[in-house]
2 protein chains.
Amino acid sequence: MDRSADHVAALNRVLELAVLINIDMRRGLAERGLTESRTHVLWELHQRGPSTQRELADALRVSPRNITGLVDALAATGFVSRQPHPSDRRATLVHFTEHGAEVARRLERDQQEFARVLFTGMPKTQFSNLVDGLDAVLDRLRPLVPLHDRDIDDG
Amino acid sequence: MDRSADHVAALNRVLELAVLINIDMRRGLAERGLTESRTHVLWELHQRGPSTQRELADALRVSPRNITGLVDALAATGFVSRQPHPSDRRATLVHFTEHGAEVARRLERDQQEFARVLFTGMPKTQFSNLVDGLDAVLDRLRPLVPLHDRDIDDG
DNA sequence: TATTGTTATACTCTATAACTATA
DNA sequence: TATAGTTATAGAGTATAACAATA
C-alpha cells in the first residue's frame, strides 16, 4: 500500500519543527546586538577557545574574507578582540572580551533552558521513542549529505 | 533526577536533522538557477496559484520591496511573468511561465521522494512513535512562537 | 485616505581574486 | 612556495522611507 502521504506529513512535521526552533533560537539575538552569523562565530569560540581566523573559517565553512568581516563586526560591537598570535606573526588570535564570554555563556544556558521546555515532563517512553526515531532518520540521512562530519553550530 | 544532558542531546539531534534536511533540500537549486528565497516564492505560487506581490509579501513575511526584487530576478531568469491584475490596476499578478511551473512540479516530486527516502521501510511502530513524539514537541513549541499560524514553506 | 508597487538608500552575508606580510 | 589575513569588487537578501498611480 502507498504511505506516501504519511511520509510527506511526517516530513512536514520535521520541517515545521525546524522552522519553529529556528525562530525561537533567534529570539533575543537582535536585542543583544547579534546576527545569526556572528552568533555562529561566538558559539565556535565558546567551543574551541581563542582561535585564528583561519580556524574559524574552516570550522564555519565560510571564506577567510567572510570571517574578516564577521570578526570586524564582533570587535566593533565589543564581543571579541584580535590579539597577536604568539608564534605566528601572520595570524591573529580571536579572543572573547568579558562581555562576549558572558553572552556566550548565556547562549548556552538559553539552549539548555530551551531543551528543558521542549522535553521536561514528557513520558519517559515517549521521549525515548522520539530519540530512537530521530536516530533512525539521522542514520538514513547522514550518508546522503556531504559534510555530515561537520559539527553542528546552532547559536 | 536531572535529565538536562539527555534533553540537550535530544535537542542536538533535532538541530542536526534540521541542518541535514536543509542541506539536502537545497541541493540542485543552484543548478536550476534558483536561490532559497526565490524558491520560496515559487513554492508559494505553486500552492496559491497566480498571486499579487502584496499577497506574496504577506505569505512569505518579507517586505513588498523584497518581493519586487525576487520577482524581478525570477522574471529575468524565466520562471515567472508579471501580468496586469484584471480588476485592480495598481496590482500585478505574478504567474508561472511554463518553465517555472515545471520546476515547481519537480520540486514537489523531489520533496515526496525525499520523504520516501527518510521513512520508507521504517518499522510501523517506530514510525508512528516518531510522529507522536514530534507532535508532542510541536504542541509544546507552537504556543511559544509567534506566527505559529504561518504556513510552512520549504522549497 | 489607503493600498500597490516602485525608486532610493543602507546594512548584512557571502564569494573570488589580487595583494602584503610572514612562514 | 605556501599560508594568514587584508583590500577590492560583486551579488544576493533584507529593511525603511519617500513617492507615483490607483482605489
Side-chain angles (χ1 to χ4, degrees), chain A residues 22-23 26 29-45 48 50-77 79-95 147 153-155, chain B residues 22-23 26 29-45 48 50-77 79-95 147 150 153 155:
Chain A
N22 200 34
I23 291 172
R26 280 153 85 163
L29 289 190
E31 300 147 30
R32 291 174 185 162
L34 286 172
T35 64
E36 208 173 352
S37 294
R38 293 173 197 179
T39 305
H40 288 164
V41 174
L42 291 194
W43 192 254
E44 207 64 39
L45 280 179
R48 307 167 50 90
S51 307
T52 65
Q53 298 190 185
R54 161 57 71 183
E55 288 166 343
L56 293 173
D58 290 344
L60 271 55
R61 298 185 185 275
V62 298
S63 67
R65 177 61 184 91
N66 196 353
I67 291 294
T68 295
L70 294 172
V71 171
D72 283 353
L74 286 168
T77 49
F79 292 91
V80 305
S81 73
R82 287 184 170 98
Q83 300 189 8
H85 191 287
S87 64
D88 185 342
R89 286 194 300 171
R90 297 170 305 178
T92 65
L93 272 181
V94 183
H95 286 252
L147 319 177
D153 58 305
D154 41 57
Chain B
N22 200 33
I23 291 172
R26 280 154 83 166
L29 288 190
E31 299 148 29
R32 290 172 186 164
L34 286 172
T35 65
E36 208 170 354
S37 295
R38 293 173 197 180
T39 305
H40 288 164
V41 175
L42 291 194
W43 192 253
E44 208 63 39
L45 281 179
R48 308 168 49 91
S51 307
T52 66
Q53 296 189 185
R54 161 57 72 183
E55 289 167 343
L56 292 173
D58 291 343
L60 270 56
R61 298 188 185 274
V62 298
S63 66
R65 177 60 185 93
N66 195 352
I67 292 293
T68 296
L70 294 173
V71 171
D72 283 353
L74 286 168
T77 48
F79 291 91
V80 306
S81 72
R82 286 184 171 96
Q83 300 190 7
H85 191 287
S87 64
D88 185 341
R89 285 193 301 169
R90 296 171 304 178
T92 65
L93 272 181
V94 183
H95 286 253
L147 318 178
R150 168 102 170 70
D153 60 304

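Chain identifiers are assigned alphabetically (A, B, ...) following the order of the sequence lines, protein sequences preceding nucleic acid strands; residue numbering begins at 1 within each chain. Just so you know, these numbers come straight off a predicted model, no measurement behind them.
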Could you give the distance from [atom1] ([X]) to [atom2] ([Y]), rounded to the nearest 0.5 Å?
X       : Y       : atom1 : atom2 : value
B/Glu55 : B/Glu44 : CD    : CD    : 10.0 Å
B/Arg26 : B/Ile23 : CZ    : CD1   : 8.0 Å
A/Asp88 : A/Arg54 : CG    : CZ    : 12.0 Å

Only one of A/Val94, A/Thr39, A/Leu45, A/Val41 clears side-chain contact (heavy atoms from CB on, under 4.5 Å) with A/Leu74; which?
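By the side-chain contact (heavy atoms from CB on, under 4.5 Å) criterion, A/Leu74 pairs with just one of A/Val94, A/Thr39, A/Leu45, A/Val41: A/Val41.
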In whole Å, I'd like the distance from the [atom1] atom of [X] to the [atom2] atom of [N].
X       : N      : atom1 : atom2 : value
B/Asp88 : C/dT6  : CG    : P     : 13 Å
A/Arg54 : C/dA23 : CZ    : P     : 16 Å
A/Arg82 : D/dG5  : CZ    : P     : 9 Å
B/Gln53 : C/dT7  : CD    : P     : 11 Å
B/Ile67 : C/dT7  : CD1   : P     : 15 Å
B/Leu29 : D/dA12 : CG    : C1'   : 14 Å
A/Glu55 : D/dT3  : CD    : P     : 15 Å
B/His85 : C/dT3  : NE2   : P     : 16 Å

Could you pull out the protein-nucleic contacts involving nucleotides 14-20 of chain D (nitrogen or oxygen on both sides, under 3.5 Å)?
| from | atom 1 | to | atom 2 | distance (Å) |
| --- | --- | --- | --- | --- |
| D/dT14 | OP2 | B/Ser37 | OG | 3.3 |
| D/dT14 | OP2 | B/Asn66 | ND2 | 3.0 |
| D/dT14 | O5' | B/Asn66 | ND2 | 2.8 |
| D/dA15 | OP2 | B/Ser63 | N | 2.8 |
| D/dA15 | OP2 | B/Ser63 | OG | 3.2 |

Reading DNA chain D 5' to 3', what string of ( ), [ ], | and . shows its pairs, if Watson-Crick and G-U wobble pairs count only when both distances fall under 3.5 Å?
|||||||||||||||||||||||
Any heavy-atom pair between the side chains of [Y] and [X] that's under 4.5 Å?
X       : Y       : answer
B/Leu56 : B/Val62 : no
B/Leu93 : B/Pro86 : yes
A/Arg82 : A/Asp72 : yes

Assess the residue pair B/Leu34 and B/Thr77 against the criterion (side-chain contact (heavy atoms from CB on, under 4.5 Å)); give the C-alpha distance rounded to whole Å, side-chain angles, the decisive distance to 0.1 Å, and a yes or no.
CA-CA 9 Å; B/Leu34 286 172; B/Thr77 48; 6.0 Å; no
Heavy atoms from C-beta onward define the side chain here; which of D/dG5, C/dG5, C/dC13 lies closest to that of A/Thr52?
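The listed nucleotide nearest to A/Thr52's side chain is D/dG5.
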Take B/Glu36 and B/Asn22 through the test side-chain contact (heavy atoms from CB on, under 4.5 Å) and record every step on the way to the result.
CA-CA 10 Å; B/Glu36 208 170 354; B/Asn22 200 33; 3.4 Å; yes
Reckon B/Thr68 has a side-chain N or O less than 4.0 Å from the OP1 or OP2 of C/dT6?
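For C/dT6, OP1 or OP2 has a side-chain N or O of B/Thr68 closer than 4.0 Å.
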Would you state whether a donor and an acceptor, one from the side chain of B/Arg90 and one from the base of C/dT3, lie under 3.5 Å apart?
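Result: at least one qualifying N/O pair found.
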